[in-house]
Engineer: 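First the structure, which I've put down as structure tokens, then a few questions once you've had a look.
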There are 2 protein chains.
Amino acid sequence: MKLLHHPSRDDLMLPTVLYALSDPIRLQIVSQIHQGGEQACKNFEVSIAKSTFSQHARMLREAGVTHTRVVGTHRLLSLRTEDLEARFPGLLHAVLSSYESNLQEHLSK
Amino acid sequence: MKLLHHPSRDDLMLPTVLYALSDPIRLQIVSQIHQGGEQACKNFEVSIAKSTFSQHARMLREAGVTHTRVVGTHRLLSLRTEDLEARFPGLLHAVLSSYESNLQEHLSK
DNA sequence: TCTATAGTTCGGTAATTAACGAACCATTGA
DNA sequence: TCAATGGTTCGTTAATTACCGAACTATAGA
């Protein structure tokens, strides 16, 4: 896995971004990055197989929600906050604050 | 079709709402309501079969994005702006303004 | 009552998605 | 060089989704 593809800012698509954010597990991942900053896959507290996690991480990256930086054997995930803000002002903030202020609602899912 | 089910404000779920908004056709429907106000299904300029439209309208309603009011033989769709704002502040506005300021991007889809 | 109109539901097909484990690749450190 | 660790990819299976046309329901108006 040499090349990790990241769409350019101009190529971000609203439906794709919304779709990426419409899954409870991916929302959890995004929120955890938001709260804890850039971090490796290993770190995430999600109850799924690691291959499944990898797929979710890929979808977030290909939608342009996250950036993946390779450091040694780690992939460090961060949010593309500025790109998202430039293309979809207020969106990420609205999603994250709704999510984080209603966490109990999502635990059941 | 007697009872149209609308989830109560408290039952709105973020992932469900995001999913409802993640489809180009549904975004188009939502945007058209936003711009033209409450209107009947008949009115929408989408290039899909009416049964397909009905399915999309149902998904929007069941996600809590739209309200459907029955008047004669018409179903008038409106946005649940206040409920959405109460539960997910800023979300609908962010989605609609991104969508509407990037319309050319979506026409290709 | 009959017809036209607005919209939903049903049934079917094709495509997509979601998840997993197993196998794999790449890097680090011994 | 070998083992361990961190992640990805592949192949499979099961479930969901998307879309359509045909048939249906309900209301309005002649």
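Naming convention: chains lettered A, B, ... in sequence-line order (proteins, then strands); numbering from 1 in each chain. These figures come from a predicted structure and were not determined experimentally.
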Engineer: To the nearest 0.5 Å, what is the distance between CG (A/Leu14) and OG (B/Ser22)?
Structural biologist: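 Going from the CG atom of A/Leu14 to the OG atom of B/Ser22 covers 9.5 Å.
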
Engineer: On a heavy-atom basis, which atom in A/His74 and which in A/Ala40 lie closest, and how many Å separate them?
Structural biologist: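 Looking at all heavy atoms of both residues, the shortest contact is ND1-CB, 3.7 Å.
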
Engineer: D/dG7, D/dC20, C/dA6: which one has an atom nearest the side-chain heavy atoms of B/Ala49?
Structural biologist: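 Nearest listed nucleotide: D/dC20.
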
Engineer: On DNA chain C, compare the nucleotides closest to A/Ile25 and A/Thr73; which residue's is nearer the 5' end?
Structural biologist: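 Its nearest nucleotide being more 5', the pick is A/Ile25.
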
Engineer: Between D/dA22 atom P and B/Lys50 atom NZ, what is the distance in whole Å?
Structural biologist: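 The distance from NZ of B/Lys50 to P of D/dA22 comes to 12 Å, rounded to the nearest Å.
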
Engineer: Taking only residues two or more places apart in sequence, or in another chain, which ones meet A/Asp23 in a salt bridge (charged side-chain N to carboxylate O under 4.0 Å, His left out)?
Structural biologist: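 By the salt bridge (charged side-chain N to carboxylate O under 4.0 Å, His left out) rule, A/Asp23 matches no residue at all.
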
Engineer: Parallel, tilted or perpendicular for B/Phe44 and B/Phe53, by the 30°/60° rule?
Structural biologist: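 Rings of B/Phe44 and B/Phe53: tilted, 30 to 60°.
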
Engineer: Tell me: CZ of B/Arg75 to P of C/dT5, nearest whole Å?
Structural biologist: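 For the pair B/Arg75 CZ and C/dT5 P, the rounded distance is 17 Å.
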
Engineer: Are B/His74 and C/dT5 close enough that a side-chain N or O sits under 4.0 Å from OP1 or OP2?
Structural biologist: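 No, B/His74 has no side-chain N/O under 4.0 Å of OP1/OP2 on C/dT5.
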
Engineer: Write down the distance between CZ (B/Arg61) and P (C/dT8), rounded to a whole number of angstrom.
Structural biologist: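 For the pair B/Arg61 CZ and C/dT8 P, the rounded distance is 7 Å.
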
Engineer: Specify the residue among A/Ser47 and B/Thr68 whose closest nucleotide of DNA chain C lies further upstream toward the 5′ end.
Structural biologist: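 Here B/Thr68 is the residue nearer the 5' end.
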
Engineer: Does NZ or CZ of A/Arg26 lie under 6.0 Å from the centre of the six-membered ring of A/Tyr19, at an angle within 45° of the ring axis?
Structural biologist: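 Because its charged atom sits under 6.0 Å from the ring centre and within 45° of the axis, A/Arg26 does stack over A/Tyr19.
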
Engineer: Find the distance A/Gln39:CD to D/dG6:C1' and express it as a whole number of Å.
Structural biologist: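 After rounding, the reported distance stands at 15 Å.
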
Engineer: Within the 4.0 Å heavy-atom criterion, would you say B/Ala57 contacts the bases, only the backbone, or no part of the nucleic acid?
Structural biologist: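 Touches nothing.
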
Engineer: Which whole-number value in Å describes the distance from B/Arg58 CZ to D/dA18 C1'?
Structural biologist: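 Atom-to-atom, B/Arg58 to D/dA18, this comes out as 14 Å.
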
Engineer: Given atom CG of B/Leu4 and atom P of D/dA26, what is their separation to the nearest angstrom?
Structural biologist: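 So the two atoms are 13 Å apart, to the nearest Å.
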
Engineer: Grouping I, L, V, M, F, W and Y whenever their side-chain heavy atoms are under 4.5 Å apart, do A/Leu18 and A/Ile25 come out in a common cluster?
Structural biologist: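 As far as the 4.5 Å side-chain criterion goes, A/Ile25 and A/Leu18 are connected within one cluster.
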
Engineer: With B/Leu84, which of B/Leu79, B/Leu91, B/Leu12, B/Thr66 fulfils side chain to side chain contact (heavy atoms under 4.5 Å, CB included)?
Structural biologist: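 Checked B/Leu79, B/Leu91, B/Leu12, B/Thr66 against B/Leu84; only one passes side chain to side chain contact (heavy atoms under 4.5 Å, CB included): B/Leu12.
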
Engineer: If you check every side-chain atom of A/Lys42, which of C/dT9, D/dG6, D/dT8 has the closest atom?
Structural biologist: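 Per side-chain heavy atoms of A/Lys42, the pick is D/dG6.
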
Engineer: To the side chain of A/Ile48, which of D/dT5, C/dG7, C/dC20 is closest?
Structural biologist: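 Among the listed nucleotides, the one closest to the side chain of A/Ile48 is C/dC20.
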
Engineer: Please encode protein proximity along nucleotides 10-18 of chain C as a string of B, S and -, counting only heavy-atom distances under 4.0 Å.
Structural biologist: -------SS

